[in-house]
Amino acid sequence: MSSLPTLRDKKRYIAFEITSEQTIARQEIGEETLNSICSLFGDTGASEINFGLISYDGRYGIIRCARDRTTETRAALACINKIRGSRVSI
């Protein structure tokens with residue numbers, strides 16, 4: 001008797017660097033990324049991307065997403081240009 005394949009979604013991790021005039025808090029980058037994903041792909045697309053901010057230290061961070069949605073996640077990161085009125089580059 002063989003075992004059933006796992007039903008977990010496969011994940012990919014994306015490392016990023018933020019260049020900003022001010023320091024950006026972890027909560028702010030998480031909210032802004034989720035807002036960017038929702039505005040580009042809607043609520044359904046956001047649920048398929050399965051976004052999660054794994055770590056962030058003020059300049060570098062790691063984001064988790066679905067394996068087949070890495071290009072969409074990278075596009076959402078590229079669309080972020082302001083956080084709290086401060087210009088940022090990711």
Side-chain angles (χ1 to χ4, degrees):
M1 193 171 187
S2 64
S3 61
L4 295 173
T6 182
L7 297 176
R8 287 187 300 184
D9 293 331
K10 299 204 184 282
K11 303 171 188 80
R12 290 294 179 257
Y13 298 89
I14 300 172
F16 65 92
E17 177 183 4
I18 291 184
T19 306
S20 172
E21 299 167 348
Q22 300 176 352
T23 57
I24 306 297
R26 177 186 173 100
Q27 181 180 1
E28 292 170 340
I29 188 65
E31 288 175 1
E32 196 64 37
T33 306
L34 190 57
N35 288 341
S36 178
I37 290 171
C38 285
S39 69
L40 285 173
F41 306 108
D43 292 335
T44 306
S47 68
E48 291 172 355
I49 288 174
N50 196 14
F51 162 79
L53 183 60
I54 302 299
S55 72
Y56 177 68
D57 68 354
R59 184 166 180 195
Y60 299 101
I62 299 174
I63 288 179
R64 181 192 67 223
C65 65
R67 179 182 69 181
D68 55 345
R69 302 288 184 203
T70 55
T71 56
E72 288 91 342
T73 307
R74 291 178 64 198
L77 284 174
C79 289
I80 299 171
N81 57 10
K82 280 193 178 187
I83 297 177
R84 276 186 309 159
S86 175
R87 292 177 40 170
V88 296
S89 173
I90 300 179

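To the nearest 0.5 angstrom, Glu32 atom CD is 8.5 Å from Asn81 atom CG. Atom-to-atom distance recorded for Thr73:OG1 and Tyr13:OH is 13.0 Å, nearest 0.5 angstrom. The CG atom of Leu53 sits 10.0 Å away from the CZ atom of Arg64 when rounded to the nearest 0.5 Å. The CZ atom of Phe51 lies 7.5 Å from the CG atom of Leu77; values are rounded to the nearest 0.5 Å. Here CD of Glu17 is found 8.5 Å from OG of Ser89. Values are rounded to the nearest 0.5 Å. With rounding to the nearest 0.5 Å, the separation of CZ in Arg12 from OG1 in Thr71 is 12.5 Å.
The two residues Arg84 and Thr23 make their nearest non-hydrogen contact at NH2-O, 2.8 Å. Counting all heavy atoms, side chain and backbone alike, Gln22 lies closest to Ser86 at N-OG, 3.8 Å. Closest approach of Ile37 and Ala76 over heavy atoms only: CG1-CB, 3.5 Å. Annotation for Ser36 and Ile80: closest pair CB-CG1, 3.9 Å, computed over non-hydrogen atoms.
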Item checked: Verdict with reasoning, Ile29 to Ile90, per side-chain contact (heavy atoms from CB on, under 4.5 Å) -> CA-CA 10 Å; Ile29 188 65; Ile90 300 179; 3.9 Å; yes
Item checked: side-chain contact (heavy atoms from CB on, under 4.5 Å) between Leu40 and Cys79, intermediate numbers included -> CA-CA 9 Å; Leu40 285 173; Cys79 289; 3.8 Å; yes
Margin query: Would Arg69 and Asn50 count as a side-chain contact (heavy atoms from CB on, under 4.5 Å) here? Give the steps.
Written below: CA-CA 9 Å; Arg69 302 288 184 203; Asn50 196 14; over 6 Å; no
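Among the candidates Ile24, Ile63, Ile62, the single residue satisfying the side-chain contact (heavy atoms from CB on, under 4.5 Å) test with Tyr56 is Ile24.
Considering only heavy atoms from C-beta on, Glu31 comes within 4.5 Å of Gln27 through its side chain.
Within 6.0 Å of atom CG in Asp57, more than 12 heavy atoms from other residues, nucleotides or ligands are found, so the atom counts as buried in its surroundings.
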